Amino acid sequence: MRKIVIGSRRSNLALTQTKWVISELEKLGLPFEFEIKEIVTKGDKILDVTLSKVGGKGLFVKEIQKAMFDKEIDMSVHSLKDLPSGETEGLTIASVPKRVDPRDAFISESGKTLKELPAGSIVGTSSLRRSAQVLAERPDLEIQWIRGNIDTRLRKLREENFDAIILAAAGLERVGWTDDIVTEFLEPEVSLPAVGQGALGIECRADDHELIDLLKKINDAVTARTTAAERAFLHKVEGGCQVPIAGHAKMLEDGRVELTALVASPDGKQVFKRTEAGEDPAAVGESVASVLLGEGAKEVLDQVKQELDL
Ligand SMILES: NCc1[nH]cc(CCC(=O)O)c1CC(=O)O
């Protein structure tokens with residue numbers, strides 16, 4: 001009986017996701033045991049700085065990946081949207097289980113929807129993608145950065161000066177809180193989700209074939225194909241994580257993958273958006289990216305980079 005050690009951040013969401021994966025693996029009834037090892041990352045310790053300023057999403061992931069290289073842990077369960085789009089040599093995303101709700105959830109104190117909020121209301125988010133799309137729809141609202149895990153953000157909505165916040169429906173659903181607190185789910189036409197939102201990526205060492213075979217058993221082919229298109233798009237446009245970028249793909253009845261993706265300026269005034277379908281997820285992602293870059297998204301990316309002095 002092999003014991004598999006799974007590294008997890010200590011947040012409620014990370015632990016819930018890890019435990020969910022363990023329960024799916026245990027259902028297979030195979031001779032494996034599972035143990036969770038908690039890892040406190042730098043990103044978990046820094047709370048008051050914009051995440052993009054302290055190294056972006058990669059921050060949480062890198063330390064967990066190091067523990068895999070060091071064989072302190074065998075695998076880890078990431079929110080796919082937090083995983084950088086490039087490959088990490090020596091590691092592999094062995095499994096992408098079935099995606100849950102990919103939409104953003106809008107939660108207001110008054111119960112008013114995004115359309116109904118009075119002008120000047122304060123919306124809390126630390127996502128450039130969400131703020132650009134909110135401003136594109138409602139330029140009269142004010143965005144204020146908010147950080148912390150789901151519990152912290154909900155507390156800040158009650159206790160601080162926010163009128164509304166936006167969180168991923170998936171995170172809320174996983175920790176079991178959806179219906180009573182969400183004011184409305186934002187459809188992709190209003191807030192196109194982040195690449196990979198609602199999906200998990202299970203990573204392990206690329207040479208651990210026994211574990212890869214096990215993890216493949218909880219891979220969902222549709223989620224794997226659609227998120228592959230999203231991640232191919234992200235990989236091609238990524239010029240840093242300082243630009244509002246969104247992408248969401250679905251499977252058509254004929255088996256083709258249809259990807260809608262966008263790049264926007266942070267103020268939401270310029271939005272480049274496109275939908276394409278095709279057989280090969282990577283080709284669809286790359287094609288949407290090159291069209292958008294050609295249409296002007298490249299200038300938005302360059303402009304933002306220049307302002308940040310990168
Ligand atoms: N940005 C952090 C993050 N990373 C993954 C989720 C949960 C949603 C998911 O699994 O896609 C969240 C919370 C949020 O965006 O509200």
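For clarity, every value in this text was computed on a predicted model and none was experimentally measured. Ligands are counted one by one from 1 in listed order, and the atoms in each one are counted from 1 as well.
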Open item on the list: With a heavy-atom distance limit of 4.0 Å, tell me whether L13 approaches ligand 1 through its side chain, its backbone, both, or neither.
Closed with: side chain

Task: Note: E72-K37 ion pair, threshold 4.0 Å (strictly below) - done: yes

Task: L167 neighbourhood, listing ligand 1 atoms whose heavy-atom distance to it stays under 4.0 Å - done: 16 (O)

TODO: Check R153 against ligand 1 and report side chain, backbone, both or neither, counting heavy atoms closer than 4.0 Å.
DONE: neither

Task: Ion pair check, R274 and E258, cut-off under 4.0 Å - done: no

Open item on the list: What I want to know is whether A168 and ligand 1 share at least one N or O pair that is separated by under 3.5 angstrom.
Closed with: yes

Open item on the list: What I want to find out is whether R103 reaches E187 closely enough, with some N-O distance under 4.0 Å, to be called a salt bridge.
Closed with: yes

Open item on the list: If the threshold is 4.0 Å, N to carboxylate O, is there a salt bridge linking E286 and K236?
Closed with: no

Open item on the list: I want to check something: taking the side chain as every heavy atom from C-beta on, are R205 and D74 in contact at a cut-off of under 4.5 Å?
Closed with: yes

Task: Sub-4.0 Å heavy-atom approach of R130 to ligand 1 - done: yes

- [ ] Say whether Q197, considering both its backbone and side-chain N or O atoms, lies within less than 3.5 Å of an N or O atom on ligand 1.
- [x] no

Task: Side chains of H78 and L200 in contact at under 4.5 Å (non-hydrogen atoms) - done: no

Task: Minimum-distance protein heavy atom relative to atom 12 (C) of ligand 1 - done: K81 CE, 3.7 Å

Open item on the list: Among all the protein's non-hydrogen atoms, which is closest to atom 4 (N) of ligand 1, and how far away is it?
Closed with: D82 OD2, 3.0 Å

Task: Closest heavy-atom pair and its distance - V300, S265 - done: CG1-CA, 3.8 Å

Task: Residue R174 vicinity, atoms of ligand 1 by number, heavy atom under 4.0 Å - done: 10 (O)

Open item on the list: Which of the numbered atoms in ligand 1 are under 4.0 angstrom from any heavy atom belonging to G171?
Closed with: 7 (C), 8 (C)

Task: Identity and separation of the nearest protein heavy atom to atom 5 (C) of ligand 1 - done: S79 OG, 3.2 Å

TODO: Would you indicate whether the side-chain heavy atoms of I245 and F233 approach each other to under 4.5 Å?
DONE: yes

- [ ] Could you tell me which atoms of ligand 1, counted from 1 in the order shown, lie closer than 4.0 angstrom to a heavy atom of G198?
- [x] 9 (C), 10 (O), 11 (O)

